Amino acid sequence: MKQQEQKVYSYHTFIMPFRWEGSHHTQVSMKDICEQLDLRKCWKKLDYSHITEEELGDINQDYRLLYAEKQYFHLYTQDAIYGGTNGIVSNYVFHLPGEEELVYSIQKNEDVYELPVKAIRLKIYNTGVALLSIECVNNQYSDWRSIKAVNDYGRRMNPPFLPENAAESICADKIAIHSSVDKTKEYFLFDIKKQIELFNDRKILSEKRIGDHILQLLNYRSEEGSSNEIKKFVADETEQKEPENIPICPVLDDRMYVMCLVNKNAGEIQENKDSLYEFIFVDTEGGISCPTNEMRDSLLKEHTYERWAAYGTLYGMTAHSFVACTDWQPNINSFLTQYYQICCIVLAQRASVLNFKDEIMELSFGIENRQKGIDVKHIIWLMELQERYVAYQNQMDFFEVSSQEQAIDIYEALRKSNMVEKENAVFKEQLDNIYNAANVNLDYGLNTGGFVFAIVALAMALPSYFNDGCSLQIADKYEWILYVGLGIIMLVAFTFIKTSRKWIAKRNKIKSR
């Protein structure tokens, strides 16, 4: 989406990591999601291996940025960034017919913030997760109060709590994506204030955690996209049961991840620690979420990257944001290209592991009851989960993405702030535990079956033993005693097995308390 050449005060990118239901059992695959986007005729798939002027627009500028971006990353990471024959990721960009430009509008009380939309992108990964990015530019508001308000209000997709007075909500009153020519032409609208008022009147309750404007965007189709095969992306529980719908949910929470670069020298905000904290941790002006000076200073030291602070460039990274403050154009270009891709890789890693953890929780329900035993379906499911996790480790969980020193630092800082290593460690432990539990479950079943088989084999062998060891007259005379003894032996064996199973189940129940 082309923008007029104007002074840009800040860049804002809102990223929503989400997953689609059914990816666990391959009911809905990555290929299915891509086919749904293709059917809508408003999502254009990007092929970075064959760049054309039509795809990139201003090739004199964008091609140079893409060239620098590709040179920046290791070759083995590029399939997870740009896609390729391995099918790790597919990249899409949203476009309207006639090259109509869009505006991201945020309204809170009397304040209205209008930001031209530079691009809307979608990355679909083979781990069952996706990243939706809305890239905006701010060429109207130069003050810190407005920049912070855009970050906080623009990222919220659903109210975290419902106040009695809708005006007291910490969300925006309304978020809309409308035409740049006609503001009344709202393509995607989320009236948050109205939703709260309806709930307070006991008329509606939604727990979908995804804003209406995001769902409307994903479900938008051009006039050409009128196929009956198009399925609807839904987030409401009442709609998720319909077979023609594809349920989706955010992997994190009801807030989108924020990337923001302010086109100013960082020296100004470094002098005001409260303001710096609000910027990095996405608070509104005067709404600092850590007023304790000692803790504030400790958190700022932990979450800022100061390699170029002496030259007026400062970066900040948290679990919900990646921000920067600089007025040097090369650093601005790097933030909007290379660092955006690094951020997407880390968010995809975090979302993928959380998706795996959610799957392993579901899987654990199938093996917790030892009386029933683990069935073939859950064994196959566990094996597939292990295979997919190994594939993820080799395809997306990189030790480093570039040999550039700043790339190494930023990649490590983003992974740390997003707890990727911790989530990986926890999941590996969970996977090992459930694998061991499944093995014990199978061993127990095999041992029980083997014991029964041994008793039956013994019972079948005893007559031959007695016939070989005794005379035929004695065997015929006391034949009834032999069979009574065999019956007693089998009765004792089955009683022992049944008692053992009850005792083991009781012991496991006591241990779990």
Side-chain angles (χ1 to χ4, degrees), residues 1-18 37 40-46 55-58 61-62 65 91-108 111-123 130-141 146-147 149-157 172 174-192 210-222 255-263 322-323 332-333 335-337 340-341 343-344:
M1 296 180 183
K2 299 179 181 179
Q3 306 295 333
Q4 296 180 351
E5 292 295 331
Q6 297 183 32
K7 166 71 175 180
V8 177
Y9 298 109
S10 58
Y11 300 85
H12 304 259
T13 301
F14 303 101
I15 307 174
M16 185 189 76
F18 68 95
L37 295 174
R40 283 162 166 75
K41 304 296 183 183
C42 57
W43 289 97
K44 186 175 184 179
K45 190 171 184 178
L46 299 179
E55 288 179 338
L56 283 179
D58 184 0
Q61 177 185 357
D62 290 348
L65 293 178
N91 291 277
Y92 287 86
V93 62
F94 181 82
H95 67 94
L96 290 172
E99 297 187 358
E100 185 174 359
E101 296 184 5
L102 297 174
V103 173
Y104 195 73
S105 175
I106 305 167
Q107 180 179 338
K108 180 63 175 178
D111 296 323
V112 179
Y113 305 100
E114 303 276 345
L115 283 76
V117 175
K118 181 182 178 184
I120 298 176
R121 306 183 189 276
L122 189 58
K123 287 177 173 283
L131 301 179
L132 173 68
S133 302
I134 304 175
E135 303 174 13
C136 308
V137 294
N138 164 28
N139 46 32
Q140 296 185 58
Y141 320 100
S146 297
I147 292 171
V150 166
N151 283 339
D152 191 28
Y153 296 135
R155 66 173 175 157
R156 295 190 180 274
M157 298 183 293
K174 185 172 74 171
I175 296 178
I177 301 178
H178 61 70
S179 168
S180 61
V181 179
D182 183 2
K183 293 184 179 181
T184 62
K185 193 176 182 181
E186 295 174 329
Y187 285 100
F188 317 113
L189 172 66
F190 185 26
D191 197 331
I192 308 175
I210 298 180
D212 293 341
H213 60 306
I214 301 297
L215 289 171
Q216 293 163 10
L217 173 61
L218 291 173
N219 287 311
Y220 183 83
R221 65 177 76 174
S222 68
R255 296 169 293 181
M256 289 189 279
Y257 192 91
V258 176
M259 281 191 71
C260 176
L261 182 139
V262 177
N263 190 2
F322 179 21
V323 300
I332 294 175
N333 291 339
F335 187 87
L336 299 176
T337 54
Y340 165 76
Q341 298 292 2
C343 187
C344 285

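Basis for what follows: all heavy atoms, side chains included, without hydrogens, waters or symmetry-related copies. Note that the structure is a prediction, hence the values are computed from the model and not measured.
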A.B. asks: What distance separates Leu65 CG from Leu336 CG, expressed to the nearest 0.5 Å?
C.D. replies: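 Leu65 atom CG to Leu336 atom CG measures 8.5 Å (nearest 0.5 Å).
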A.B. asks: Under 4.5 Å between any side-chain heavy atoms of Ile192 and Asp212, yes or no?
C.D. replies: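 SC-SC contact between Ile192 and Asp212 ruled out.
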A.B. asks: Does the side chain of Tyr104 come within less than 4.5 Å of Phe14's, by heavy atoms?
C.D. replies: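 SC-SC contact between Phe14 and Tyr104 confirmed.
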A.B. asks: Quick check on side chain to side chain contact (heavy atoms under 4.5 Å, CB included): which of Leu261, Ile147, Val258 does His12 satisfy it with?
C.D. replies: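 It is Ile147, the one option of Leu261, Ile147, Val258 that forms the side chain to side chain contact (heavy atoms under 4.5 Å, CB included) with His12.
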A.B. asks: Restricting to non-hydrogen atoms, name the atom on Ser10 and the atom on Val262 that form the minimum distance, rounded to 0.1 Å.
C.D. replies: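 Smallest interatomic distance, heavy atoms only, reads CB-CA, 4.1 Å.
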A.B. asks: Looking at every heavy atom in both Val117 and Val103, which two are closest together, and how far apart are they?
C.D. replies: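 That closest heavy-atom pairing would be CG2-C, 3.9 Å.
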A.B. asks: Taking all non-hydrogen atoms of both residues into account, name the closest pair between Gln140 and Tyr9 and its distance.
C.D. replies: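 Reported closest heavy-atom pair: N-CD1, 3.8 Å.
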A.B. asks: Does Leu131 reach the side chain of Tyr257, with side-chain heavy atoms less than 4.5 Å apart?
C.D. replies: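 Result no, sub-4.5 Å side-chain heavy-atom pair not found.
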A.B. asks: Would you mind reporting whether Phe188 and Leu218 have side-chain heavy atoms less than 4.5 Å apart?
C.D. replies: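 No. Closest side-chain heavy atoms not under 4.5 Å.
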A.B. asks: Taking all atoms of both residues into account, what is the closest heavy-atom pair of Ile175 and Arg156, and its distance?
C.D. replies: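 It is CD1-O, 3.8 Å.
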A.B. asks: Does any part of the side chain of Ile214, heavy atoms only, come nearer than 4.5 Å to the side chain of Phe18, both counted from C-beta?
C.D. replies: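 Counting from C-beta outward, Phe18 and Ile214 never come under 4.5 Å.
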A.B. asks: For Val112 versus Tyr141, what's the shortest heavy-atom pair and its separation?
C.D. replies: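 Looking at all heavy atoms of both residues, the closest pair is O-OH, 3.4 Å.
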A.B. asks: Just verifying a value: how many Å separate Ser180 OG and Lys185 NZ, rounded to the nearest 0.5 Å?
C.D. replies: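 The NZ atom of Lys185 is 10.0 Å from OG of Ser180, to the nearest 0.5 Å.
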A.B. asks: If every non-hydrogen atom of Met256 is compared with every non-hydrogen atom of Gly154, which pair is closest and at what distance?
C.D. replies: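 The answer is CE-O, 3.6 Å.
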A.B. asks: Does any non-hydrogen side-chain atom of Thr13 lie less than 4.5 Å from one of Lys118?
C.D. replies: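 They are not in side-chain contact.
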A.B. asks: Are Tyr92 and Arg40 packed together at the side-chain level, in the sense that at least one heavy-atom pair is separated by less than 4.5 angstrom?
C.D. replies: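 No, too far: nothing below the 4.5 Å cut-off.
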A.B. asks: Between the side chain of Asn91 and the main-chain N/O of Leu46, is any donor-acceptor distance below 3.5 Å?
C.D. replies: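 Side chain of Asn91 to backbone of Leu46: no pair is present.
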A.B. asks: Rounded at 0.5 Å granularity, tell me how far CZ in Arg121 sits from OG in Ser133.
C.D. replies: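 The OG atom of Ser133 is 8.0 Å from CZ of Arg121, to the nearest 0.5 Å.
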A.B. asks: Say whether His178 and Glu114, considering side chains only, have a donor N or O and an acceptor N or O under 3.5 Å apart.
C.D. replies: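 Their side chains do contain a donor-acceptor pair, which is all the 3.5 Å distance test asks for.
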A.B. asks: Looking at side-chain heavy atoms only, is the closest gap between Val150 and Asn138 below 4.5 Å?
C.D. replies: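 Not touching, per the 4.5 Å side-chain cut-off.
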A.B. asks: Can you tell me how the ring of His213 sits relative to the ring of Phe190, calling it parallel under 30°, perpendicular over 60° and tilted otherwise?
C.D. replies: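 Parallel: the ring planes of His213 and Phe190 meet at under 30°.
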